[in-house]
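Report on one structure; see the data block that follows.
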Amino acid sequence: MVSFFDASLPGTLPVLNRRCVEAGILTALALQCRLNLVSMFDRKHYFYADLPAGYQITQQRCPLAKDGHVEYLAPDEDHRKLVLKRARLTQLQLEQDSGKSLHDVEMSHSLIDLNRAGIGLMEIITEPEFCSAVEAASFVRELQLILQVIGVCDGKMEEGSLRVDASVSVRRPSEPLGIRSEIKNLNSIRHLMRSIEFETLRQISILESGGQVLNETRAYDVETGETVSMRDKERLHDYRFMAEPNLPPLRLYTNDTVPNGVPSDQIINVDELRAMLPELPNAKRERLKKQYGLSVEHSNVFVNEPTLLECFEKIVANQNLQNVKIASNICINEVLAAVNKKNIAFSASNLSAESVGELVELVQDEVISLLTLRKILEVLLQDSSKLPKQVIEERGWHQVSNETALENICCQVIAANPKVVDDYRDGKTKVFNYLIGEVQKKLSGQSNVKAVVRIMKQKLDT
Amino acid sequence: MFAANIKQVAALMQNGQLSAKDLCELCIKRMKRIKELNVFITEMPELALRSACAADRRIKNGSGDILEGIPVAFKDNFSTAGIRTSCASRMLKGYVPPYNATVVEKLISRGSVLMGKTNMDEFAMGCGSVDGAFGPVRNPWKYRFEATRRDRPGAAQSSPSAARIADRGRQFHSASPSQCLDVEADDSAEWFIAGGSSGGSAVSVASGAVLAALGSDTGGSTRNPASYCGVVGLKPTYGLLSRHGLIPLVNSMDVPGILTRSVDDAVVILNALAGHDPKDSTTVVEPFKPCALPDVASIKGLKIGIPQEYHAPGLSSDMKDSWQHVADIVENAGATVKRVSLPHTALSIVCYHVLCACEVASNMARYDGLEYGHRAKDESSTESLYAASRHEAFNNVVRGRILAGNYFLLKQNYDRYYVQAQRVRRLISQDFWNTFRSGIDILLTPTVLGDAPSYRWFSKADNRTRTQEQDVFTQPANMAGIPAISLPVALSSNGLPLGLQLLGQPFKEQQLLTAAKAIEQLVNFRALDFDKLLYCD
């Protein structure tokens, strides 16, 4: 359904959407921006079929917020570790969305969809600080996470909730920034990365063959993986910015400046909104590292998986702190891996903290091996009504720890693999794992690995 | 009947002495009689009768609302649901809005009867109501109706020409939409312009077809025709009445204007319309206290300023004399009259032209023929479709302002023109604040330069020249957003009405209208005797 105002029917007037303003303020606060307590609206004029009024209402002179920064994790140059980087922001502004045009080349006409026209947008502009496609993508992922956590946007690029325009330029080290082109309307992280990678190479090849990069807008062609020029003619874009006469300046208040006697639905108090901000992702990562001694990678995973984090924290609360490493390893390397393989979210798996907690306990006490744990998980994912101990009972998956039994098996394996044993005794220590593996096979994976290793070593060294 | 005011008519309807239906039928008859004046672009007699009957039922069931059954008209730039709204432009000739303007909704929901949509200058650009796609509006004062011409001994056989004039009023000038000046060379009956751009609304009230009409006022478009047609024209404070549904000319200056035959009637309409509208972010949120005027209004103790800059070139001696005369009358009645200065008055027109052109260029950008409005046949590209649609459907006044506005808004020009004009605008506003702060309550000025010009004279120069000339006294009030009212005070030596203007302080309509009523009672202007004009009823 398209409202009269969004269809640009004559005589209709703009009214600010309070929720959009609040979302803009919450975002500006979360991104450490400086809010302009008075900001203005302007008209940006251009003719295009998906812009019914012939202008877009935006904030050019004085946007809602300026500056700001985002800290995010990106792989370092060797792509091995995650390191913390910081991107500076230029500004955040509120504006209207346009409609969508679909071009039917065959019939040579265009269809204009106005459902999206007039919807409130937040535009966040960064400084030109990203040195690679993967850095840009990491930043966008962090931004998505922040927006989701503060509840202003679901960040789903494929659904159009978040769109990215990437301005790309190349230069030799220590030269000034090169001429940039702008790739518009990227609607997935993958497209973002691929288009930046393509555009970088395209510009380099132009410059290396003595040409000049054009300052133009480009689109990403999903089929070919290339960027293509969007300009139709050489034209000067003068947007003829003019103050929007129908929207008075937007005034924000703080606890100190709220005027008396004005109804609260006419007032927006920044301090009240600030108090509503939840713990932001990066703060959470730092807290998890400190509180539980987690690695950067693990704390990052937990920040991206809130329900799994909840589960982990419950388990740790119930048990001793020395189990933290086992608990986080099991949660991330085993449980998360298992649900990812099945293509379901952890929250949809019905695995309870009690269940996972039991698994951690069983592994810690060396009652089961990791191989057994995986088998138990398979069962639990099919039928979450059972608990791990139950499953072990029902299937007889106890870990064999009996020393005599293990010794017997080890002897059997040594006897069956004379060449390997000789290799080991000659100094090829790596083949040790093969022998352990054989023991595991004989016990269907239900052996106490630590004990097996100890016994096997003993036997081999004598 | 046609001399009565809204309160009197409402009382008659409450007493059962007059039905809304009967009143409606009288108005429909009157509308037929004045067809030659080309007042209405769209007439709604069937709808009006149904509304009138519904009002009668409600009155019978005990509704005491003063507006029940009162016939009203709206300028054709007010959005009316289900009723064509054209702005007198080919661009919107077939446009039927799906919603009512807030001011329309307010009157209709209280029982007012919509008689029709009135004629105007195209998109409200003009001061004569001669530049619309449906032809010019004619002033009823001294108008020689066909019947009159026929009855006069020795009159020329002019009935075919009268019929043709009426017809032309209905047609489009598709060949040259810009020039609606095809007056017959042998049109021996000279007629006078109604003023503009709300000429149709002013004439609908002056001729008794309705009891109240809404116009719009951006540079004087309600007050100017009020003066030429001898009716009351009120421009309220900017931000007091909602503009939601008023198709804009200059968003930062437009207001809905009120045209009635008396100040009391203007108060009834104002009280019905004023107040915050959440759909219009430029309306003030403070609650509106309805105006209440005493039966006998007094001007005693009021400090009235006479701005010396309003002795402008071109001011007719009749108007000057009236102005002096009324200044004397109010002084005798106990007001203090003082000479004041508004030094930046002369800059107002040029400042207005820049700001108006800029806003026009912006506001007209939506007319591309895609969602509504005229769509040309040239579909070779989006650009050519837009260009053809806009060229075919806008007259040259509109196109001229769009071009000028786009020029002023170019990045390299913005500061020199738009921003500079806004700075000058502030100076003009400050002239008023300073004057009011120095103790002056109200300013008294002429509304326009003189009485209504003849169409023949008026059409000798183009739209821009005329607005530059004629808007001098009315325009500054729009710059500053202050309320203003034009009152008919006397007839010129030519037998045409002269209007004087009162300028008030922002949101002090109570004070302004009290002063206006006092002057109205002192001058006792005789309204147009329409029946005499027609020789019949």
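Order of the sequence lines sets the chain letters (A, B, ...), proteins ahead of strands, with each chain counted from 1.
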Could you list the donor-acceptor pairs under 3.5 angstrom formed between side-chain atoms of residues 417-424 of chain B and any protein atom two or more places apart in sequence or on another chain?
{"residue": "B:Y418", "atom": "OH", "partner": "B:Q422", "partner atom": "NE2", "Å": "3.2"}
{"residue": "B:Q420", "atom": "OE1", "partner": "B:R423", "partner atom": "NH1", "Å": "2.8"}

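- Of the atoms belonging to A:E244, not a single heavy atom falls under 4.5 Å from chain B.
- No hydrogens or angles considered: nothing links the side chains of B:T283 and B:D280 as a donor-acceptor pair under 3.5 Å.
- Only the backbone of B:P278 comes within less than 4.5 Å of a heavy atom in chain A; its side chain stays farther off.
- Judged by the 6.0 Å and 45° rule, A:K44 forms no cation-pi pair with A:F241.
- Your options are A:P263, A:A7, A:S8, A:G54, and the one with the most heavy-atom pairs under 4.5 Å with chain B is A:S8.
- For a residue to count as touching a neighbouring chain, one of its non-hydrogen atoms must lie under 4.5 Å from one of that chain's; by this rule B:F78 does not touch chain A.
- Put simply, of B:D368, B:T85, B:N363, B:T382, the one with the most heavy-atom pairs under 4.5 Å next to chain A is B:N363.
- Seen from the ring of A:Y55, A:R43 counts as a face-on cation partner, given the 6.0 Å and 45° thresholds.
- Of the listed residues B:S79, B:G405, B:G245, B:S362, the one with more heavy-atom pairs under 4.5 angstrom with chain A than any other is B:S362.
- Only the side chain of B:Y367 comes within contact range of chain A, with heavy atoms under 4.5 Å apart.
- Contacts between B:N413 and chain A at a heavy-atom distance below 4.5 Å are absent for every atom of the residue.
- Contact annotation for B:L246: only backbone heavy atoms (N, CA, C, O) come within less than 4.5 Å of a heavy atom of chain A.
- Side-chain contact between A:H191 and A:V222 is present, with heavy atoms from C-beta onward closer than 4.5 Å.
- Side-chain atoms of B:S242 and B:K279 form no donor-acceptor pair, as typed in the model, at a separation below 3.5 Å.
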